[in-house]
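Here the structure comes first, spelled out in structure tokens, and everything after it is commentary.
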Amino acid sequence: MIPDTLTAGWREIFAEPSVRNGLTHLETFLAGERREFSVFPDRSNIFRAFELTPLERVRVVILGQDPYHDDGQAHGLSFSVPRDISIPPSLRNIFRELQADLGHQPPPHGCLDAWAERGVLLLNTVLTVRAHEANSHRGQGWEEITTKVLERVNQRPAVAFVLWGTAACRLAGALSSRHLILQSPHPSPLSAYRGFFGSRPFSRVNDFFQQRGEPALDWSVDQDA
């Protein structure tokens, strides 16, 4: 189930007995789900966040809940969609805040590969979902595995954790005070006006790095469709 392309840091976590046992359960569960339903993302993309962002390069964690559940949207990165898929409303609001915060023009696509490759771990707490049924794979074991991942990232020297929405913000208490921990409402249209807009997460992350003598993160997204 775990791709061979993962670097040693992630493979070490996935080799832990409790994680390995959890993955064995999930493999059985997902096989049953796929016999009756479509499951997103495709098998090859389930661990894509870890493939694009090795543990030793993680600078920022943006935590989502579970993958997009409509056709073609999920490709293994929280909030991101492939280039040929319409940009979902939450991501449009993220781009709107990015423009207000740093002046970056909203791109014509919703693919966030560039962020992942620069050290932004775009992690969902649940890595799969049944087609058209949000939260349908909650409670099957993914949460325990991604908690292990976050515990390991928490051991790194200084990471910016960007927690959007109630579910993500619940994790704040488990994170070390040496990290930057940003909490705000979710960028969904249902909650963005309650404090997500104007929260300036991108510049605050860069201020954190620059105060530590580290380079700012490039938050730009390719403007080519």
> With a cut-off of under 6.0 Å to the ring centre and 45° to the axis, is Arg20 in cation-pi contact with Phe14?
Replying inline: no

> When the aromatic ring centroids of Phe47 and Trp10 are compared, is their separation below 6.0 Å?
Replying inline: no

> Which value, rounded to the nearest 0.5 Å, describes the distance between Glu51 atom CD and Arg48 atom CZ?
Replying inline: 8.0 Å

>> One pair to check against ring-ring contact (aromatic ring centres under 6.0 Å, His included): Phe40 and His137. What are the steps and the verdict?
In response: CA-CA 10 Å; Phe40 301 140; His137 288 181; 10.0 Å; no

> Does atom CZ of Arg34 have more than 12 heavy-atom neighbours from other groups under 6.0 Å away?
Replying inline: yes

>> Under 4.0 Å between a side-chain nitrogen and a carboxylate oxygen: does that hold for Glu214 and Arg59?
In response: yes

> Considering residues, nucleotides and ligands other than Glu12, do more than 12 of their heavy atoms fall under 6.0 Å from its CD?
Replying inline: no

>> Taking the basic N atoms (NZ, or NE/NH1/NH2) and the acidic carboxylate oxygens, is any pair closer than 4.0 Å for Arg83 and Asp222?
In response: yes

> Taking atom types as modelled and ignoring hydrogens, do the side chains of Ser220 and His104 form a donor-acceptor contact shorter than 3.5 angstrom?
Replying inline: no

>> Consider side-chain contact (heavy atoms from CB on, under 4.5 Å). Of Leu63, Val126, Leu127, Asn124, which one does Thr146 pass it with?
In response: Leu127

> Which atoms form the tightest heavy-atom contact between Cys169 and Gln183, and what is the distance?
Replying inline: CB-OE1, 3.4 Å

> Using the benzene-type ring in the case of Trp, are the ring centres of Phe79 and His186 under 6.0 Å apart?
Replying inline: yes

>> Looking at every non-hydrogen atom in both residues, tell me the closest pair between Glu56 and Thr7 and how far apart they are.
In response: OE1-OG1, 4.0 Å

> Is the CZ atom of Arg138 crowded by more than 12 outside heavy atoms at less than 6.0 Å?
Replying inline: no

>> By the definition side-chain contact (heavy atoms from CB on, under 4.5 Å), identify the one residue from Thr128, Ile46, Val129 that meets it with Val39.
In response: Thr128

